[in-house]
Amino acid sequence: MARKKFIAGNWKMYKTVAEALSFAEAFKALYVSGPHDVAILAPYTQLAALKDAFAGTGVLVGAQNLHFEAEGAYTGEVSAPMLKELGMDYVIIGHSERRQYFAETDETVNKKIFAALSADILPIVCVGESLPTREAGEASQFVGAQVAAGFAGVGAEDFERITIAYEPIWAIGTGLAATAEQAEDMCAFIRGKVAELFGDAAAEAVRIQYGGSVKPGNATEILTKPDIDGALVGGASLVPADFKAIIDF
Ligand code: PGA
């Protein structure tokens with residue numbers, strides 16, 4: 001079965017609830033549910049309001065992080081069952097900003113994948129190398145190790161519920177996207193790694209997004225590559241017309 005393309009907006013720490021709702025109004029006026037999956041991954045404070053605002057539109061909603069325990073003495077954290085209660089469809093796990101600023105590791109990524117899957121929330125698991133790693137010729141080795149450690153112990157059958165986002169750190173928020181060829185090469189490499197570790201059916205089923213400075217102007221060449229099943233869009237997802245243009249790539 002062909003994989004459905006998946007365009008997701010990562011709002012990071014942007015927008016108040018009021019701003020999120022005005023985005024939703026503007027976006028709903030532009031967007032008609034089409035062949036691709038579309039989701040907005042927003043700050044916790046906006047999630048309930050966005051779920052409500054997008055009801056019946058086909059736009060899915062998710063969070064940008066979760067804790068791996070279901071409950072406990074973890075001040076400031078939010079769990080998978082709590083997100084499920086709000087009807088969350090997706091959750092980002094292991095974004096490079098969380099790895100860099102919040103001590104996220106492959107081990108916590110692994111635990112969070114299990115927590116999301118067991119609450120029936122679909123994980124979008126981020127991997128990607130830094131510029132020095134790429135310049136040293138070690139990008140594939142690095143990303144392959146992130147995939148192996150992040151997905152350790154995950155069942156082959158779970159990959160139909162999993163999205164991997166390849167986000168080279170040097171391309172995030174820099175305006176300097178990977179070329180479509182660089183993105184395709186790494187997404188194909190990641191699919192090969194999933195095949196090696198979890199089998200061909202898992203590799204065929206898993207969706208692999210590219211993320212890092214995706215804009216209306218480069219969406220077509222990136223999103224038409226065979227191993228790129230979608231995009232994780234930061235900056236451009238904050239503007240309704242830009243996000244819509246990317247979805248219409
Ligand atoms: P960007 O961010 O599109 O603003 O580069 C992508 C991301 O961090 O997911």
Side-chain angles (χ1 to χ4, degrees), residues 5-15 19-20 23 27 36-44 46-47 50 59-66 88-104 109 112-113 116 121-131 133-134 139 142-143 146-147 150 162-180 182-184 186-187 190 207-223 225 228-249:
K5 299 266 184 192
F6 176 25
I7 319 297
N10 171 15
W11 281 3
K12 309 194 178 189
M13 197 172 73
Y14 290 102
K15 296 191 191 293
E19 288 165 346
F23 176 99
F27 189 69
H36 314 312
D37 284 340
V38 172
I40 295 286
L41 296 323
Y44 292 131
Q46 303 165 25
L47 296 178
L50 281 175
V59 177
L60 301 165
V61 180
Q64 301 169 6
N65 181 36
L66 80 174
M88 291 301 102
D89 305 293
Y90 285 97
V91 65
I92 300 176
I93 296 175
H95 191 280
S96 61
E97 288 152 14
R98 296 211 56 86
R99 293 179 190 256
Q100 184 177 352
Y101 305 126
F102 302 100
E104 196 87 73
V109 165
K112 290 178 180 194
I113 292 169
I121 300 172
L122 306 177
I124 301 170
V125 181
C126 300
V127 296
E129 81 288 356
S130 67
L131 191 56
T133 300
R134 177 159 283 261
F142 182 84
V143 170
Q146 285 185 319
V147 170
I162 289 169
T163 299
I164 300 174
Y166 168 56
E167 298 206 308
I169 295 166
W170 46 272
I172 295 176
T174 58
L176 207 135
T179 65
Q182 285 173 322
E184 166 64 15
M186 189 63 88
C187 290
I190 291 169
R207 289 196 292 192
I208 306 178
Q209 296 174 320
Y210 166 77
S213 298
V214 175
K215 306 268 181 263
N218 61 15
T220 310
E221 53 173 347
I222 291 171
L223 287 165
K225 292 287 183 203
I228 302 179
D229 303 314
L232 184 55
V233 184
S237 73
L238 296 167
V239 180
D242 288 354
F243 192 49
K244 172 67 163 64
I246 292 169
I247 293 162
D248 292 343
F249 66 90

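Starting from 1, each residue takes its place in the sequence as its number. No experiment lies behind these values; they were computed from the predicted model shown. Note that ligands are numbered from 1 as they come in the structure, with each ligand's atoms numbered from 1 the same way.
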>> Does Y90 form a ring pair (Phe, Tyr, Trp, His ring centres under 6.0 Å) with F6? I'd like the steps, not just the answer.
In response: CA-CA 12 Å; Y90 285 97; F6 176 25; 4.5 Å; yes
> Taking only heavy atoms of H95, which atoms of ligand 1 are found under 4.0 Å from at least one of them?
Replying inline: 7 (C), 8 (O), 9 (O)
> Which of parallel (below 30°), tilted (30 to 60°) and perpendicular (above 60°) describes F23 and W11?
Replying inline: perpendicular
> Is G211 in contact with ligand 1, taking contact as a heavy-atom separation below 4.0 Å?
Replying inline: no
> Is there a nitrogen or oxygen of I172 sitting under 3.5 Å from a nitrogen or oxygen of ligand 1?
Replying inline: no
> Atom CD1 in I124, atom CG in D89: separation rounded to 0.5 Å?
Replying inline: 10.0 Å
> Which residue and non-hydrogen atom of the protein lie closest to atom 9 (O) of ligand 1, and at what distance in Å?
Replying inline: E167 OE2, 2.7 Å
> Which distance, rounded to the nearest 0.5 Å, do you find between the CG of N218 and the OH of Y210?
Replying inline: 7.5 Å
> How far does OH of Y166 sit from CD of Q182, to the nearest 0.5 angstrom?
Replying inline: 7.0 Å
>> As a test of understanding, state which of I40, L238, D248 forms a side-chain contact (heavy atoms from CB on, under 4.5 Å) with F243.
In response: I40
> Considering only the protein, which heavy-atom contact is closest to atom 3 (O) of ligand 1, and what is its distance?
Replying inline: G234 N, 2.8 Å
>> Using 0.5 Å steps for rounding, measure from the NE2 atom of H36 to the CZ atom of F249.
In response: 3.5 Å
>> If the cut-off is 4.0 Å to any non-hydrogen atom of G212, which atoms of ligand 1 fall inside it?
In response: 5 (O)
> For ligand 1, is there an atom lying under 4.0 Å from some heavy atom of K215?
Replying inline: no
> Can you list the ligand 1 atoms lying under 4.0 Å from a non-hydrogen atom of G173?
Replying inline: 1 (P), 4 (O), 5 (O)
>> Evaluate T174 for polar contact with ligand 1, using N/O atom pairs at a separation under 3.5 Å.
In response: no
> Hey, which atoms in ligand 1 end up nearer than 4.0 Å to a heavy atom of G235?
Replying inline: 1 (P), 3 (O), 4 (O)
> Do H95 and Q64 get their side chains close enough for a donor-acceptor pair, meaning under 3.5 Å?
Replying inline: no
>> Contact between ligand 1 and A236 is defined here as a heavy atom of the residue under 4.0 Å from a ligand atom; is it met?
In response: no
> CE/M88 to CD1/I121 distance, rounded to the nearest 0.5 angstrom?
Replying inline: 8.5 Å
> Which of the atoms of ligand 1 are close to K12, meaning less than 4.0 Å from one of its heavy atoms?
Replying inline: 2 (O), 7 (C), 8 (O)
> Which atoms from ligand 1 have a heavy atom of A171 less than 4.0 Å away?
Replying inline: 5 (O)
